[in-house]
Engineer: 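Dropping a structure here in structure tokens format, bear with me for questions.
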Amino acid sequence: MRSLSARERDLMVALITRGTDHGADRAVAAVDRERWAWQLAGVSVHGTCGCGSCPSIDLTPDSGNRPTATRQTVLEASTSNAFLLLFIEDDRPTYLELAPFGDEPITEFPLVADVEF
């Protein structure tokens, strides 16, 4: 387990603040965004994707207790060459995914300035 990098934390804050709910027609409530942002203080990186094409990370609370997903929200944004997805399960961020559009690997997360919301 390791701490989040500044770039990872910045991306998650931006996704929580401005990301859209993947595949949903409803707006994300401000109270939900505030609750999810508060959870970031106690999140660590538990593992990585391992595919070799992306920097996606598995997140876990510092307590080590990963939630069992009964409710899931996926917040999304994009860059010119990838989707960014933040999975929220039972009010806890659990996975930050970067999904490249093509076959070209992307080995690090983008800067927030390069993300389109």
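Only this structure's heavy atoms are used, side chains among them; waters, hydrogens and symmetry mates stay out.
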Engineer: Does Ser53 have any side chain to side chain donor-acceptor pair (under 3.5 Å) partners at least two apart in sequence or in another chain, and if so, which?
Structural biologist: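 If we apply the side chain to side chain donor-acceptor pair (under 3.5 Å) test to Ser53, skipping adjacent residues, there are no hits.
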
Engineer: I'd like to know whether CZ of Phe117 has more than 12 heavy-atom contacts from other residues, nucleotides or ligands below 6.0 angstrom.
Structural biologist: yes

Engineer: Checking side chain to side chain contact (heavy atoms under 4.5 Å, CB included) for the pair Thr60/Val43: CA distance, chi angles, key distance, verdict?
Structural biologist: CA-CA 6 Å; Thr60 189; Val43 170; over 6 Å; no

Engineer: List the atom of His22, the atom of Leu85, and the distance in Å for their closest heavy-atom pair.
Structural biologist: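 Result for this residue pair: ND1-CD2, 4.5 Å.
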
Engineer: State, to 0.1 Å, how close Leu84 and Pro110 come at their nearest heavy-atom pair, and which atoms those are.
Structural biologist: CD1-CG, 3.9 Å

Engineer: Nearest heavy-atom pair of Thr107 and Pro55: which atoms, and what distance?
Structural biologist: O-CB, 3.5 Å

Engineer: How long is the gap from CG on Leu86 to CE on Met12, to the nearest 0.5 Å?
Structural biologist: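 Taking CG in Leu86 and CE in Met12, the distance rounds to 6.5 Å.
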
Engineer: Considering only heavy atoms from C-beta outward, does the side chain of Leu4 approach that of Leu59 to under 4.5 Å?
Structural biologist: yes

Engineer: Nearest 0.5 Å please: distance from the OG1 atom of Thr48 over to the CZ atom of Arg2.
Structural biologist: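 Atom-to-atom, Thr48:OG1 and Arg2:CZ are 8.5 Å apart.
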
Engineer: Can you list everything that forms a side chain to side chain contact (heavy atoms under 4.5 Å, CB included) with Thr20? Sequence neighbours excluded, please.
Structural biologist: Glu76

Engineer: For a 4.5 angstrom cut-off between non-hydrogen side-chain atoms, does Val28 reach Trp36?
Structural biologist: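 Side-chain contact under 4.5 Å: yes.
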
Engineer: Find the distance between CD (Glu108) and OG (Ser5) and round it off to the nearest 0.5 Å.
Structural biologist: 9.5 Å

Engineer: Which heavy atom in Leu40 sits nearest to a heavy atom in Ile16, and how many Å separate them?
Structural biologist: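 Residues Leu40 and Ile16, closest heavy atoms: CD1-CD1, 3.8 Å.
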
Engineer: Of the non-hydrogen atoms in Gly52 and Pro105, which two are nearest, and what is the gap between them?
Structural biologist: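 Closest approach of Gly52 to Pro105: O-CB, 3.8 Å.
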
Engineer: I'd like to know if Asp32 and Arg35 make a salt bridge, using a cut-off of under 4.0 Å between side-chain N and carboxylate O.
Structural biologist: yes

Engineer: Let me confirm one number: the CG-OG distance from Asp58 to Ser44, rounded to the nearest 0.5 Å.
Structural biologist: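 Rounded to the nearest 0.5 Å, the CG-OG separation comes out at 11.5 Å.
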
Engineer: Name all residues meeting the side chain to side chain contact (heavy atoms under 4.5 Å, CB included) criterion together with Gln39; count only those two or more places apart in sequence or in a different chain, and write none if there are none.
Structural biologist: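 Gln39 satisfies side chain to side chain contact (heavy atoms under 4.5 Å, CB included) with Arg92, Pro93 only.
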
Engineer: Does the ring of Phe109 carry Arg7 above it, NZ/CZ under 6.0 angstrom from centre and within 45° of its axis?
Structural biologist: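 So Arg7 doesn't make the cation-pi contact.
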
Engineer: State the SG-CG distance between Cys49 and Leu98, to the nearest 0.5 angstrom.
Structural biologist: 10.0 Å

Engineer: Looking only at heavy atoms, which two atoms of Thr79 and Phe101 are closest? And how far apart?
Structural biologist: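 Heavy atoms only, the tightest pair is O-CE1, 3.6 Å.
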
Engineer: First locate atom CD of Glu97, then atom CD1 of Ile57, and finally report the distance between them rounded to the nearest 0.5 Å.
Structural biologist: 11.5 Å

Engineer: Could you give me the CA-CA distance, side-chain angles and deciding distance for Ile88 and Val74, then say whether side chain to side chain contact (heavy atoms under 4.5 Å, CB included) is met?
Structural biologist: CA-CA 6 Å; Ile88 310 281; Val74 181; over 6 Å; no

